[in-house]
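Worksheet for the structure shown next.
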2 protein chains.
Amino acid sequence: MGITERRIREKEKVRETIIAKAWEMVQADGWEALSIRKIADAIEYSVPVIYDHFENKEAILSEFAKEGFRILSKKMEQAKQKAANPVEQLKAMADAYWNFAMKNTAYYRLMYGVGMQCCSGLGKDKEGFDDHVTDTIRQIVAKTKYKNTNVCLKYHTFWSILHGLVSIKITEQSRQDRELNKLVLQDAIEGFIKNLK
Amino acid sequence: MGITERRIREKEKVRETIIAKAWEMVQADGWEALSIRKIADAIEYSVPVIYDHFENKEAILSEFAKEGFRILSKKMEQAKQKAANPVEQLKAMADAYWNFAMKNTAYYRLMYGVGMQCCSGLGKDKEGFDDHVTDTIRQIVAKTKYKNTNVCLKYHTFWSILHGLVSIKITEQSRQDRELNKLVLQDAIEGFIKNLK
DNA sequence: TTACCTTTGCTAACACTGTTAGGAAAAAAG
DNA sequence: CTTTTTTCCTAACAGTGTTAGCAAAGGTAA
C-alpha cells in the first residue's frame with residue numbers, strides 16, 4: 001500500500017515548492033509583492049491548489065515569520081554560548097539580534113510586521129528568544145546589590161531598544177551610514193547595562 | 001471676476017472633504033482599509049475626481065503623516081517649555097512622545113510606516129522634532145566633563161528607544177498591561193540619561 | 001474489463017483594489 | 001446663440017484574494 005504514501009510525499013513536495021517560490025518572491029521584493037496568482041504561476045499549478053495547502057495568503061507569510069523567529073532564536077543562543085560572562089553575553093546577543101535583522105530584513109519585516117496588518121499573535125512565536133535574554137539579565141542583576149530589580153521590565157527595555165534601532169534602520173534605509181548605527185547600538189546597550197548595576 | 005475665485009474655493013472644499021472622509025476611515029479602521037472607491041462614495045463624487053486633487057492614494061496618506069509629525073512636534077515643544085531643567089525636559093519630551101503615540105495610533109502607524117510599504121522619504125518630515133531633542137541633549141552634555149560626546153549619536157539612541165517601545169506596544173496591543181509599558185519607558189529613559197553623564 | 005468512487009486540479013466567477021482614457025454635460029466666454 | 005473651456009462621469013484595464021462547481025484522472029471492487 002505504498003500508493004497513499006507516495007501521494008502524501010508528492011503533496012508535501014508541492015507544499016514545499018509553494019514555500020520555496022513564495023520565499024523567493026518575498027526575499028526579492030518584500031512581502032507586499034507576494035501574490036497567490038504569481039505563486040501559482042511559478043509552481044505551474046492553478047490558483048486553488050495553493051488553498052489545498054494553506055488556508056490563505058497570511059498563513060504562508062506567517063510560516064516565514066515563524067521560521068524567522070526560529071533562526072533568530074538560534075543565532076542568539078549561539079552568540080550567548082560563545083561569550084564568557086553575563087555582561088558579554090548580553091552584548092553578544094544584542095549584536096546577534098542586530099546582525100540577524102540587517103542580513104535578513106525580509107524575515108525581520110515579516111516577524112515584527114514592519115509593514116503588516118495582521119500581527120495576529122505573532123508575539124507568541126518568539127519562543128526561546130525571551131528566555132535567553134531574561135536569564136542573562138537575571139544573572140547580571142544577581143551580582144548587584146539591587147536584588148529585587150524587575151527582570152521582566154528590564155527585558156522589555158532591552159528588546160525595545162533593539163527593536164527601535166532595527167526598525168528605524170530598516171525604514172530609513174540608505175540615508176544613515178552603517179558606522180553610526182553600529183555605534184548607536186553599542187551606546188544604547190552600554191547605557192542599558194550601566195542602568196542594571 | 002469673483003467667479004474663478006468661487007471655483008477655487010469650491011475645489012478647495014472638495015479637497016478638504018476628501019481629507020476629512022479619508023481621515024475618518026483611517027482613524028476607524030487603519031490606513032489599510034482606506035480605498036479610493038470608498039472615499040468617492042463618501043464624498044458623493046466619482047472616483048476620478050479624487051485624482052484631480054491627489055496624485056494617488058499614497059499622497060493622501062502622506063498628507064496625514066505630515067500632519068502627524070506637525071502635531072507630535074508641537075506636543076514635544078510644549079512639553080519642553082513646561083519643564084524646568086534639561087533633564088526634566090528630556091523626560092517630559094519622552095513622555096509627550098509616548099502619550100502622542102498611544103492617543104494617536106492611527107497617526108503613528110502612518111508616520112513610521114508601522115505597516116507601510118512606501119516610507120518615501122518620510123523621515124524628511126520630522127521637522128523640528130530632532131532639533132528639540134538634540135538641543136536638550138547638548139545642554140545636558142555641556143554640564144558634564146565629557147564635552148565631546150557625540151550628540152547626534154545620543155539623539156539617535158533616544159529616538160530608537162522611544163520608537164522601539166511604541167512600535168512594540170502598538171503591534172502587541174492588549175497582551176501587556178499599561179503599567180508595565182509606562183515603567184519600561186521610564187526605565188529606558190533613566191538609563192539613557194545616566195549614560196549621558 | 002467494466003463500473004464505481006474518490007481524489008485531484010482546473011475553469012470561471014465574485015467582489016474587491018488603484019488608476020486612467022475618453023466622452024458627455026454643464027458653465028463660461030465670445 | 002454659438003463656441004470653447006472646465007468639470008465630472010462611465011467604463012475600462014490590470015491587478016488582487018478567495019471559492020463554487022465541474023471535469024478528468026487514479027485507484028478499487030465486481
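Bear in mind the structure is a predicted one, so any value in this text is a computation, not a measurement. Just so we're on the same page: letters track the sequence lines, and every chain starts at 1.
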Categorize A:Asn56 for me: base, sugar-phosphate, or nothing, with a 4.0 angstrom heavy-atom threshold over every strand shown. sugar-phosphate
Select base, sugar-phosphate, or nothing to describe what A:Ser46 touches, counting heavy atoms under 4.0 Å on all strands. base
Polar side-chain contact A:Arg7-D:dG26 base: donor and acceptor under 3.5 Å: no
Supply the atom-to-atom distance A:Met76 CE to A:Asp131 CG, rounded to the nearest 0.5 angstrom. 11.0 Å
Indicate whether any N or O donor in one side chain lies under 3.5 Å from an N or O acceptor in the other, for A:Tyr97 and A:Tyr108. yes
Tell me if a side-chain donor or acceptor on A:Ser62 pairs with a main-chain N or O of A:Ala65 at a distance below 3.5 Å. no
Indicate, yes or no, whether a donor-acceptor pair under 3.5 Å links the base of D:dG15 to the side chain of A:Arg37. no
Under the criterion side-chain contact (heavy atoms from CB on, under 4.5 Å), which of B:Ile137, B:Asp135, B:Thr136, B:Ile140 is the partner of B:Gln89? B:Thr136
Which part of the nucleic acid, if any, lies within contact of B:Leu34, taking any heavy atom under 4.0 Å across all strands shown: a base, the sugar-phosphate backbone alone, or nothing? sugar-phosphate
Nearest-nucleotide check on DNA chain C, B:Lys38 vs A:Pro48; residue mapping nearer the 5' end is A:Pro48
Note: for A:Val47 and B:Val49 on DNA chain D, the residue whose nearest nucleotide lies more 5' is B:Val49
Just to be sure I understand the rule, does A:Tyr45 reach a base, reach only the sugar-phosphate, or reach nothing, if contact means heavy atoms closer than 4.0 Å? sugar-phosphate
